[in-house]
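Presented below is the structure to which this report refers.
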Amino acid sequence: MATILAIETSCDETAVAIVKKRQVLSSVVASQSELHGTYGGVVPELASRQHLETINSCLSEALSEAGLSWQEIDGVAATCAPGLVGALLVGVTTAKTLAMLHNKPFLGVHHLEGHIYASYLAEEQLKPPFLCLLVSGGHTIIIYVKDCGHYEILGSTRDDAAGEAFDKVARLLKLGYPGGPIIDKLAQQGNPQAFKLPEGKISLPEGGYHPYDFSFSGLKTAVLRLVQKLEQEKASPLPVEDIAASFQATVAKVLTKRTIQCALDYGIKIITVGGGVAANSGLRENLLAAAEKHDLQVYFPPLKLCTDNAAMIACAAEDHFDRGHTSPLNLGVESRMAITKVMQLYQH
Ligand code: KG4
Ligand code: ZN
């Protein structure tokens with residue numbers, strides 16, 4: 001077991017954390033959501049510049065919060081894929097420079113593997129095999145976690161990611177960015193049965209539906225049509241709480257249905273959830289209730305570990321480090337990279 005300092009700059013959070021034996025010694029997250037909020041989404045160039053301005057203070061804060069000096073750090077890690085290239089470069093270049101300066105091994109980490117490892121930080125007993133429902137701003141996938149670095153994708157979205165659907169629906173309701181937490185809050189004051197919305201099924205050529213794949217673009221369009229209809233009918237004020245609750249309930253229902261079906265079909269007893277949408281109260285409630293019915297165990301990371309942070313990146317890096325995996329200093333960054341290719345990041 002090692003002490004790892006990790007940097008996460010794949011999107012709009014500048015984060016640095018130190019993890020030792022799966023314990024978070026420090027975790028600093030500087031969110032840029034206010035900066036991007038005015039534009040209704042992340043502006044890549046602004047994100048990179050902001051990472052550059054914030055990274056050094058996050059580093060000093062993480063070290064002092066943990067009360068550690070560089071001598072006590074065994075390895076330096078950074079998210080290297082997938083994400084915004086300019087943003088990733090800030091974290092990776094900083095981590096490589098620090099690794100060289102302090103003569104420590106460098107480890108590149110796949111952002112989605114980090115989201116899987118968020119559950120390890122909360123559940124000490126957790127070990128593979130298990131199923132991870134990964135629901136973030138850019139991804140919605142059901143992953144079969146076989147071992148560290150070894151993953152199989154059993155289901156995924158064919159269009160929008162779950163978090164993206166939350167953000168787009170929030171935008172069309174003029175609620176602000178990021179949409180997930182705002183919709184979640186409003187949904188708690190609304191009626192989830194107020195409007196019937198489509199679940200988004202993926203048809204198979206041989207007939208029937210794909211049991212584990214998702215589609216959220218139809219749901220988003222249905223919300224748009226509903227809003228247009230209500231506006232035409234001059235329903236004022238717009239029943240935003242009921243729309244939010246009905247939308248959230250539909251997303252939670254679909255995610256739960258597919259994940260439980262997958263776990264039952266594959267005979268997997270443990271489910272973990274990761275990514276920003278794992279913070280959603282509707283999903284938590286729905287999935288926990290369904291899992292209990294089927295005698296399955298579900299683990300949700302604590303809220304602050306669901307959204308982007310560097311502790312989950314450090315935790316993934318620690319497991320790789322313990323297995324003797326390190327990355328070459330000429331490792332590049334990638335905007336897209338399948339989680340099934342994680343082992344390509346390491347020389348071992
Ligand atoms: O994992 P994450 O922080 O970043 C990515 O890797 O994408 O996820 C961000 C996404 C955003 O789309 C945000 O709206 C969504 O997670 N999110 C939520 C909640 N909190 C964050 N979605 C639904 N309910 C929430 N409580
Ligand atoms: Zn993420």
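Values in this document were obtained by computation on a predicted structure and should not be read as measured data. Just follow the structure's listing: the first ligand is 1, and inside any ligand the first atom is 1.
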Next item on the list: Please could you name the atoms of ligand 1 that Gly163 approaches to less than 4.0 Å, counting only its heavy atoms?
Entry: 12 (O)
Check: Hey, are Thr340 and Glu152 close enough side-chain-wise for a donor-acceptor pair under 3.5 Å?
Finding: no
Note to self: Test your reading of the structure: does Thr307 have an N or O sitting under 3.5 Å from an N or O of ligand 1?
What the structure shows: no
Check: So which of the N, O or S atoms of Asp308 lies nearest the Zn ion (ligand 2)?
Finding: OD1
Note to self: If I consider every N, O or S atom in His115, which one ends up closest to the Zn ion (ligand 2)? I only need its name.
What the structure shows: NE2
Notebook entry, point to check: Is ligand 1 less than 4.0 angstrom away from at least one heavy atom of His111?
Noted result: yes
Check: Tell me: protein heavy atom nearest atom 26 (N) of ligand 1, and distance?
Finding: Asp184 OD2, 2.9 Å
Notebook entry, point to check: Do Glu8 and Ser10 meet the criterion of a side-chain donor-acceptor pair at a distance under 3.5 Å?
Noted result: yes
Checklist line | Protein contact of atom 13 (C) of ligand 1 - nearest heavy atom, named by residue and atom, plus distance | finding: Asp167 OD1, 3.8 Å
Margin query: When you compare the side chains of Asp159 and Ser215, does any donor N or O come within less than 3.5 Å of an acceptor on the partner?
Written below: yes
Note to self: Parallel, tilted or perpendicular: which one describes the rings of Phe166 and Phe247, with boundaries at 30° and 60°?
What the structure shows: perpendicular
Notebook entry, point to check: For ligand 1, which atoms have a heavy atom of Gly275 less than 4.0 angstrom away?
Noted result: 1 (O)
Notebook entry, point to check: So, for Ala249 and Pro192, which heavy atoms are closest and what is the spacing to 0.1 Å?
Noted result: CB-CB, 3.7 Å
Check: What protein heavy atom is closest to atom 24 (N) of ligand 1, reported as residue, atom name and distance in Å?
Finding: Asn280 ND2, 2.9 Å
Next item on the list: Around atom 2 (P) of ligand 1, find the nearest protein heavy atom and jot down its residue, atom name and distance.
Entry: Asp308 OD1, 3.4 Å
Checklist line | Donor-acceptor pair between Tyr117 and Asp319 side chains, under 3.5 angstrom | finding: yes
Margin query: When you compare the side chains of His51 and Thr14, does any donor N or O come within less than 3.5 Å of an acceptor on the partner?
Written below: yes
Check: With a 3.5 Å cut-off and no angle check, do the side chains of Glu113 and Tyr151 form a donor-acceptor pair?
Finding: yes
Notebook entry, point to check: Is it true that the side chains of His111 and Asp308 contain a donor and an acceptor less than 3.5 Å apart?
Noted result: yes
Checklist line | Cys11 N/O/S atom closer than 2.8 Å to the Zn ion (ligand 2) | finding: no
Checklist line | Nearest candidate to atom 21 (C) of ligand 1, where distance is taken over non-hydrogen atoms, out of Ser281, Gly276, Gly180 | finding: Gly276
Check: Which protein heavy atom lies closest to atom 9 (C) of ligand 1, and at what distance to 0.1 Å?
Finding: Gly137 N, 3.8 Å
Notebook entry, point to check: Considering only heavy atoms, does His115 approach ligand 1 within less than 4.0 Å through its side chain, its backbone, both, or neither?
Noted result: side chain
Next item on the list: Could you confirm whether His111 has any N/O/S atom lying under 2.8 Å from the Zn ion (ligand 2)?
Entry: yes
Notebook entry, point to check: Is there a heavy atom of Gln248 sitting under 4.0 angstrom from any atom of ligand 1?
Noted result: no
Next item on the list: Could you tell me whether the side chains of Asn309 and Ser27 share a donor-acceptor contact shorter than 3.5 Å?
Entry: no
Next item on the list: With ring-ring contact (aromatic ring centres under 6.0 Å, His included) as the test, would you mind laying out the steps for His36 and Tyr177 before giving the verdict?
Entry: CA-CA 8 Å; His36 301 287; Tyr177 172 86; 7.5 Å; no
Item checked: ligand 1 contacted by Cys11 (non-hydrogen, < 4.0 Å) -> no
Margin query: How close do Ser119 and Tyr299 get, counting heavy atoms only, and between which atoms?
Written below: OG-O, 4.2 Å
Item checked: Under 4.0 Å to a heavy atom of Gly138 - the qualifying atoms of ligand 1, by number -> 7 (O)
Item checked: Where ligand 1 meets Ala279 - atom numbers and elements under 4.0 angstrom, heavy-atom basis -> 26 (N)
